[in-house]
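Notes to accompany the following structure.
Throughout, protein chains are lettered first and strands after them, A, B, ... in sequence-line order, and every chain is numbered starting at 1. In what follows, every heavy atom counts, from backbone to side chain, and hydrogens, waters and symmetry copies are set aside.
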Amino acid sequence: MHDARLVREQPDALREGMRRRGKLETLGPLIDRAEALDRDRRLTIQAVEERKAARNTASQEVARRKRAGEPADELMASTRALGEEIARLEQELAATQSEFGAILLEIPNITASEVPAGDETNNVVARSWGTPREAGTVKPHWEVGEALGLIDLPRGAKISGSGFIVYRGLGARLQRALMNFMLDLHTGAHGYDERWVPLFVNRESMVGTGQLPKFEEDMYALRDDALFAIPTAEVPVTNLLRDELLDGADLPIAYTAWSACFRREAGAAGKDTRGLLRVHQFDKVELVRFTTPEESAAQHELLTGHAEQVLQALGLPYRVLLLAAGDTGFSSTKTYDLEVFAPGVGKWLEVSSCSNFGDFQARRANIRYRAAKGEKPRFVHTLNGSALAFPRVVASILEHYQNPDGSVTVPDVLRPLLGVDVLR
RNA sequence: GGGCAGGUGGCUGAGUGGUUGAAAGCUCCGGUCUUGAAAACCGGCGGACCCGCAAGGGUCUCGGGGGUUCGAAUCCCUCCCUGCCCGCCA
């Protein structure tokens, strides 16, 4: 969520931001409307507060007269009339505020200046690592996964539906291995503080990180309990500090957490959904950082590097994409996607998205810090990235490390955790 | 799930309709004192929003929301959370 003052003080910066995202046509009129509502809203606030001040003064006078034993009936009557007027104005104000607020929640963040304008065709490859195998020279992961007894897609579909995976044997153990490997790397070498969090959160948390109100149809919801299944650990982990005032000396704060992630993927049916490419439930290790505005850009590079370390340790070729404005997530100012190569499907698969949200999430979630004693609280900057999402990593392992006989060599770092050197 | 007791500022904790944004203590900041520090003493110390160049003024805020009243931390309704007892249970 943007600062309401941005609408009034820099509406053109807002418009330029939307233009770079390719959203000016749809959101431009909303910004115009917001400007008008803001003017209206402030005038009404003034009118209400003026009357409230008068009422407060009058009430004091009533109190004084009552103490002094003087008559106050007439003053009480006139004050009651004032109260009715206040109620009417407040109703008007509530309507204006609610429309203004709703618009504010619909406007995405403004991307950083170095982010290319335009849609995803303007994404740029920032760097790449490793040597991809030639596409089409190995079997896709769903074939080897099934042949090696690691994945059971039909039974996943039977018990839950398509897009729900059953892992078997070493395939199941591989999930545990990845979880431990990634968490150990981040809590060890990278210095993150581990959290283990609820997989269902309330509406406030979903609003806090920006999934709601705009993306409600993408979420699994438990309607009877007003809870949502988390689409990423970003939601519970970032919201850990919701409504808190942090000590600047404690920044940056770095959390890592494993979680299952749930996504309805509404509208994605049939599109790159085979095997493990797009599933409704998957495991992921997430990195979240809270930092100052001054440091957030550097912290973003650091966090992205931590995610890359996972791929390097696994020996999987990948590339880093700087997303263009139009492809950058709603709340993000700048996003790097990490894509691992899967030679069996012949595609780069997104396994991580590392974003700097600036103060956009912090404002929604009300996460502030005080830089030093006596200073005003400021909003922190929040960042997060997957490091990494499991299914596509598994897909890449099964394809990149596939041998001619159909067996799969286990990456060195996973051997102690998996207990075998080769999946056969 | 049922019953009971509670939710007040960074913390502890007063306050049951009228100068209470809120006593007191602690923490913290500034000062006096001291070679320095501690102690003692003096002073200061929440946040959001609106108007204003500023100085300053105003509104709101005692778990959330709604209501009663001229006026609500205080009364009523509702929801959430915490503790205890009972029930149920991996």
Rounded to whole Å, the NZ-C1' distance (Lys66(A) to G71(B)) equals 10 Å
Do any N or O atoms from the side chain of Arg424(A) and from the backbone of Gly406(A) form a donor-acceptor pair under 3.5 angstrom? no
Please determine whether a side-chain nitrogen or oxygen atom of Asn366(A) lies at a distance below 4.0 Å from atom OP1 or OP2 of A48(B). no
Between U82(B) and G64(B), how far apart are the two C1' atoms, rounded to whole Å? 15 Å
Taking a pair to mean Watson-Crick or G-U wobble geometry with both distances below 3.5 Å, A72(B) pairs with none
Return the nucleotide paired to C4(B): Watson-Crick means purine N1 to pyrimidine N3 with N6-O4 or O6-N4, wobble means G-U with N1-O2 and O6-N3, both under 3.5 Å. G83(B)
My understanding is that a pair needs two contacts under 3.5 Å, Watson-Crick or G-U wobble. By that rule, which nucleotide pairs with G21(B)? none
Please report the distance, rounded to the nearest Å, between CG in Leu246(A) and C1' in G10(B). 13 Å
Could you work out the separation of G71(B) and U16(B) based on their C1' atoms and round it to a whole Å? 16 Å
Gap in Å between the two P atoms, one belonging to C4(B) and one to C42(B), rounded: 49 Å
Does Asn56(A) place a side-chain N or O at less than 4.0 Å from the phosphate oxygens OP1/OP2 of U59(B)? yes
In the strands shown, is U34(B) matched to any nucleotide by a Watson-Crick or G-U wobble pair with both distances under 3.5 Å, and which? none
Same-atom distance (C1') from C85(B) to U69(B), integer angstrom: 39 Å
Residues passing the ring pair (Phe, Tyr, Trp, His ring centres under 6.0 Å) test with His300(A), sequence neighbours excluded, are Tyr336(A)
Given the P atoms of U74(B) and G18(B), what is the spacing between them in whole Å? 12 Å
To the side chain of Ser59(A), which of A48(B), G71(B), C50(B) is closest? G71(B)
Taking the inter-plane angle between the rings of Phe290(A) and Tyr255(A) on a 0 to 90° scale, is it parallel (under 30°), tilted (30 to 60°) or perpendicular (over 60°)? perpendicular
Atom C1', compared across C89(B) and U12(B): separation rounded to whole Å: 38 Å
Can you tell me if the side-chain N/O atoms of Arg370(A) get under 4.0 Å from OP1 or OP2 in G47(B)? yes
If you check the Gln60(A) side chain, which of C51(B), C70(B), U19(B) turns out closest? U19(B)
Counting side-chain heavy atoms from CB outward, which of G71(B), C51(B), A48(B) is closest to Arg55(A)? G71(B)
Pairwise P distance for G58(B) and C70(B), with rounding to whole Å: 25 Å
Under 3.5 Å on both distances, the Watson-Crick or G-U partner of C28(B): G44(B)
Nearest to the Arg5(A) side chain among C50(B), G47(B), G18(B), which nucleotide is it? C50(B)
Select from Arg67(A) and Asp3(A) the residue whose nearest nucleotide in RNA chain B is closer to the 5' end of that strand. Arg67(A)
Might you confirm whether atom CZ of Arg155(A) has over 12 heavy atoms from other residues, nucleotides or ligands at distances under 6.0 Å? no
Would you call the rings of Phe200(A) and Phe262(A) parallel, tilted or perpendicular, taking 30° and 60° as the class edges? parallel
N/O donor-acceptor pair under 3.5 Å between Gln402(A) side chain and Leu398(A) backbone: yes
Between Ala53(A) and Arg80(A), the residue closer to the 5' end of RNA chain B by nearest nucleotide is Ala53(A)
Base, sugar-phosphate alone, or nothing: which one does Ile45(A) contact when heavy atoms must sit under 4.0 Å apart? sugar-phosphate
Atom C1', compared across G15(B) and C62(B): separation rounded to whole Å: 11 Å
Distance test, side-chain N/O of Arg41(A) to OP1/OP2 of C50(B), below 4.0 Å: yes
Quick one: Arg64(A) CZ to G17(B) P, roughly how many Å, whole number? 22 Å
As a quick check of understanding, evaluate ring-ring contact (aromatic ring centres under 6.0 Å, His included) for Phe357(A) and His381(A), giving each step before the final call. CA-CA 7 Å; Phe357(A) 300 98; His381(A) 278 199; over 10 Å; no
Taking CZ from Arg51(A) and C1' from G57(B), how many angstroms apart are they, rounded to a whole number? 18 Å
